[in-house]
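Down below is the structure, laid out as C-alpha cells.
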Protein chains: 2
Amino acid sequence: MARKTNFADIAFRKHDHGRCQRQLLSEAKQLCETRKLRLTSRRRQVLEILLASHQPMGAYDILAELNRVNPSVIIAPPIVYRALEFLMSEGLIHRIESRNAFISCVHPGHQCAAQFLICRDCEQVAELEDSDPPLLVEANNLGFAVDHSVVEITGICAQCQKHAG
Amino acid sequence: MARKTNFADIAFRKHDHGRCQRQLLSEAKQLCETRKLRLTSRRRQVLEILLASHQPMGAYDILAELNRVNPSVIIAPPIVYRALEFLMSEGLIHRIESRNAFISCVHPGHQCAAQFLICRDCEQVAELEDSDPPLLVEANNLGFAVDHSVVEITGICAQCQKHAG
DNA sequence: CGCCATTGTGTTATATTATAACGTAACTGA
DNA sequence: TCAGTTACGTTATAATATAACACAATGGCG
C-alpha cells in the first residue's frame, strides 16, 4: 500500500530544493520575457530570497535579508514593497493575508485560485492546486465578478501533532 | 420566474436592520450567559458598533466611534483590541484578514467556517453559510488538524457592475 | 545617435495596525 | 470580606505599509 501523502510532502512537493529554486527562477524569467516585463535586479533579488526560504516571510524580513547581504547601502521599505507588488501582480508570489507575509508561488503564472494550508507550529505552508473552491462558482452565479480569492487554512500538520505527543 | 438572488440580498439577508441588530445582540447575551462569560459594557459597546455598521470596520474606526460617542474619556487601542479578541474567540465577530478589519457575525456561535464575498467598490460584505469548503476535508485527510479557516473572495458585486456601466 | 516618455529606484517622512508591560478596578467564589 | 482572577486603563512602542518627491535607467522613435 502506498504511503499516505503527508503535509510535508505537499509543502515541499518531494523535491530537490536547490533545483526547484533554479527552476522557478527560470520560469519567472521566461514569463517576464513573454509578457515584456522587466524582472530587474531588485525584483529578482526579492524573488530569490522568497524562493530560497520557501516559507512565508514578512516584508521587513526580506528587507533585513537584503540589507544583510549588502550592508554597504541600506535600503528602505518602499523598495521591498514595490518589488513584492510587482511579483504579486504577475503571480510569482502570494501574500498570506493571515500572516502579513509573502511566499513564492509554486506554479507561477497559473491563474487558478491559490489555497494554503499553514501549520502554526512548524510554520510550513502548503500551496494546493485544487480546482477552484465551489464558493467561486457560487459567487459567479450571484453575478459577483471575482478578482481575487484568499483561502488560508491554519492548523497543526500531522508531523507536528506527532512531535507534540 | 423568481428574481435571482443578488449580492445585496445576501449581504443584508433581506432584513430589517434595526431588528437584526437587536436580535444578534440578544443572541450574544444569551450565548455569553450560557457559556458563563462576561459580556461587559465595553465588549457590548464594541459589538454594538459592529452590529450597527454591518460592514467591516478597522480597529481604529471602532476606537474613533467609541471616543466620538463619549469624548470625555479618551480610550486607547488596547481596549478595543481586547474587546475584539474576546468577541472573536466566542464567534460573535470575524476578522477580515485581507482588510485588517472586523465584522459582526451573522450566525453567532455556529462553528462552521465563515466565507466572505467582499465587494471592493461598495465595500459590502456577504457572509455565506455554505458547507465547509472541500479543502477542509482534504486537509483532514492529510492529517492536518484545522483550527481556523479564512475564505475571502474579493471582486465587484452585480449591483456595482451595473452602476459602472 | 539624441531626445523624450515611461518605468523603476532611492530617500524621507509618516500613516496605519497591533501589542507589551504594568498598575488598578471589578467581579467571583469561598 | 478576603483572595484569586479577570477585565480595564494607560503609556509606550513595535510591526506593517504607503505618500510624495527626486533621480536614474530603459526603450522607442525620429
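Heavy atoms only: backbone and side chains are in, while hydrogens, waters and symmetry mates are out. In what follows, every chain begins at residue 1, and chains take the letters A, B, ... in the order their sequences are listed.
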For atom CG of A/L84 and atom P of D/dA15, their distance in whole Å: 18 Å
In whole Å, what is the span from the CE atom of A/M57 to the P atom of D/dA17? 14 Å
What's the closest nucleotide to the B/R38 side chain, out of C/dG10, D/dA7, D/dA17? D/dA7
Quick one: A/E97 CD to D/dA17 C1', roughly how many Å, whole number? 13 Å
Do B/Y60 side-chain and C/dA15 base share a donor-acceptor contact under 3.5 Å? no
Applying side-chain contact (heavy atoms from CB on, under 4.5 Å) to B/L87 and B/V46, what does each step give before you reach the verdict? CA-CA 9 Å; B/L87 296 168; B/V46 170; 3.8 Å; yes
note: B/N100, atom CG; D/dA15, atom P; distance rounded to Å ~ 16 Å
Separation of A/N70 atom CG from C/dG10 atom P, in whole Å? 10 Å
If you look at every strand shown and take non-hydrogen atoms under 4.0 Å, does B/I74 touch a base, only sugar-phosphate, or nothing? sugar-phosphate
May I ask you to say what B/R82 touches in the nucleic acid, namely base, sugar-phosphate or nothing, with a heavy-atom cut-off under 4.0 Å? base
Within the 4.0 Å heavy-atom criterion, would you say A/R43 contacts the bases, only the backbone, or no part of the nucleic acid? sugar-phosphate
If you assign B/D61 and A/P77 each to the DNA chain C nucleotide with the nearest heavy atom, which residue ends up on the more 5' nucleotide? A/P77
When you compare the side chains of B/S41 and B/Q45, does any donor N or O come within less than 3.5 Å of an acceptor on the partner? yes
Whole-Å distance separating the CD1 atom of B/I75 from the C1' atom of D/dT11: 15 Å
Once you round it to whole Å, what is the distance between P of C/dG8 and NZ of A/K36? 15 Å
With the side chain of A/T40 defined as its heavy atoms from C-beta on, choose the nearest nucleotide among D/dA17, C/dG8, D/dT10. C/dG8
So A/R99, base contact, sugar-phosphate only, or nothing? Heavy-atom distance under 4.0 Å. nothing
Atom CD1 of A/I79 and atom P of D/dT18 are separated, to the nearest Å, by 16 Å
The answer to which of A/A101 and B/L37 contacts DNA chain D further toward the 5' end, by nearest nucleotide, is B/L37
Using modelled atom types only, decide if a donor and an acceptor are shared between the side chain of A/E127 and the backbone of A/Q115 within a distance under 3.5 Å. no
Between B/R82 and B/E85, does at least one N-O distance fall below 4.0 Å, as a salt bridge requires? no
Is A/Y81 stacked against the base of D/dT18, taking the criterion as centroid distance under 5.5 angstrom and interplanar angle under 30°? no
Would you kindly check whether a donor in the side chain of B/R42 faces an acceptor in the base of D/dG9, or vice versa, at under 3.5 angstrom? no
Report the C-alpha separation of B/R99 and A/E97 in whole Å, then their side-chain angles, then the decisive distance to 0.1 Å, and conclude whether the salt bridge (charged side-chain N to carboxylate O under 4.0 Å, His left out) test is met. CA-CA 9 Å; B/R99 298 305 201 91; A/E97 296 289 348; over 6 Å; no
